[in-house]
Amino acid sequence: MMMGESYEEGCDYLYKAVLIGDSAVGKSNLLSRFSKDEFRLDSKPTIGVEFAYKNIRVGDKLIKAQIWDTAGQERFRAITSSYYRGALGALLVYDITRRSTFENVGKWLNEIKEFGKADMVIVLVGNKSDLGNSRQIGEEEAMNFAEAQGLCFMETSALEKKNVDEAFLEMIFKIHEITTQKSLQAKNNIENNNNNNIISSSDLKMAIPVGKQIISIDEVTVNNQPRCCT
C-alpha cells in the first residue's frame, strides 16, 4: 500500500503500522491496551504476527489504524520483515529495565531502513515506566537518542495505561499529516497534467484509492497536535 487507502464502509483511510522491538518488551500488551483496554500479566510471546484494528477520528476524517504486532525473537525475523511492506508507521519499543533492549534499537532502525518506507513515522517507546525503581535507561538518554535519530519519543506503561493511547495517536496523527500532504500534491499534479491533457497512472492511484471492506471498531478522537514530532 503506497499510502492510506479510502474505504466505503464509513472509514476514509486505512493506515498500516507495526510494533517492533525485542521480545518481552511489552509490545502485545501495548496493542491490547490500545485496542481493547486490556492488560495480561501472563501474556505469552507473539508467534509470527498478530494484528488489531482501531478507528481514529482526525478532524472530519475517520481513519482505521491496522496495527501489526510482530514477534521479537530472532527465529521469526524472516517472517517479520515481510510485514514492513505497506506500513506507514512503527512503534519501536524497548524495556526501560533492560539495557540490552535499548542497545538493540539501532538494529531495529536498520531493519526499518532496509524493509520499510523512507518516510515511515517512527515513535521510540520506552515501555514499563511503572518499574522506575529497576530503570536502566534514563528518560533523558533515550530522548537525546531519539532526537539525534529524528524520532518521536515517549515513555509508556501498558500496566498503568500511561501514555499508551498518546503514543499510538502521535504516530497516527503524523501519518495522517504526511498522507494529506501527499494527497494534496497528487491532486495538484493531476490538475496540472489535466491542463496539459496528461494524467499519469501513479497520480491516479494516489488520488483515487481503491474501495475495500473493513471491520467496524470503537472510535477514539485526536484532539491535539503531535507533541514530539516535527
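Model, not experiment: these values are computed from the prediction. Residues: numbered from 1 along the sequence shown.
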Check whether any side-chain heavy atom of [X] sits under 4.5 Å from a side-chain heavy atom of [Y], and report yes or no.
{"X": "Gln149", "Y": "Leu92", "value": "no"}
{"X": "Lys162", "Y": "Thr156", "value": "no"}
{"X": "Leu151", "Y": "Leu109", "value": "yes"}
{"X": "Lys174", "Y": "Cys152", "value": "no"}
{"X": "Glu139", "Y": "Phe153", "value": "yes"}
{"X": "Val25", "Y": "Arg98", "value": "yes"}
{"X": "Glu177", "Y": "Gln181", "value": "yes"}
{"X": "Val125", "Y": "Tyr94", "value": "no"}

Considering residues at least two apart in sequence or located in another chain, which fulfil the ring-ring contact (aromatic ring centres under 6.0 Å, His included) criterion with Phe39?
none

Tell me, please, which residues at least two apart from [X] pass side-chain contact (heavy atoms from CB on, under 4.5 Å).
{"X": "Asp130", "result": "Lys128, Ser157, Leu159, Glu160"}
{"X": "Ala52", "result": "Leu31, Ser35"}
{"X": "Glu141", "result": "Arg99, Phe102, Ile137"}

Please report the closest heavy-atom contact between [X] and [Y], naming both atoms and the distance.
{"X": "Leu124", "Y": "Ala146", "result": "CD2-CB, 4.0 Å"}
{"X": "Ala65", "Y": "Ile56", "result": "CB-CD1, 3.9 Å"}
{"X": "Asn127", "Y": "Gly26", "result": "ND2-CA, 3.6 Å"}

By salt bridge (Lys or Arg N to Asp or Glu O under 4.0 Å), which residues pair with Glu38, not counting sequence neighbours?
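Here the qualifying residues are Lys36.
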
What residues, two or more places apart in sequence or in another chain, satisfy salt bridge (Lys or Arg N to Asp or Glu O under 4.0 Å) together with Lys113?
none

Residues in side-chain hydrogen bond (donor to acceptor under 3.5 Å, both in side chains) contact with Thr97, at least two apart in sequence or another chain
Asp95

Restricting to side-chain hydrogen bond (donor to acceptor under 3.5 Å, both in side chains), what partner residues turn up for Asp119, sequence neighbours left out?
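Testing Asp119 for side-chain hydrogen bond (donor to acceptor under 3.5 Å, both in side chains), a comparison that skips the adjacent residues, returns Lys182.
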
Please check this pair: side chain of [X] against backbone of [Y], looking for a donor-acceptor N/O pair closer than 3.5 Å.
{"X": "Asp12", "Y": "Leu62", "answer": "yes"}
{"X": "Lys27", "Y": "Gly21", "answer": "yes"}
{"X": "Lys117", "Y": "Gly89", "answer": "no"}
{"X": "Lys16", "Y": "Trp68", "answer": "no"}

Side chain to side chain contact (heavy atoms under 4.5 Å, CB included), that's the test. Do Trp108 and Asp22 meet it? Break it down for me.
CA-CA 9 Å; Trp108 291 104; Asp22 286 6; 2.8 Å; yes

Cation-pi check, Lys54 to Phe168: give yes when NZ or CZ is under 6.0 Å from the six-membered ring centre and within 45° of the ring axis, no otherwise.
no

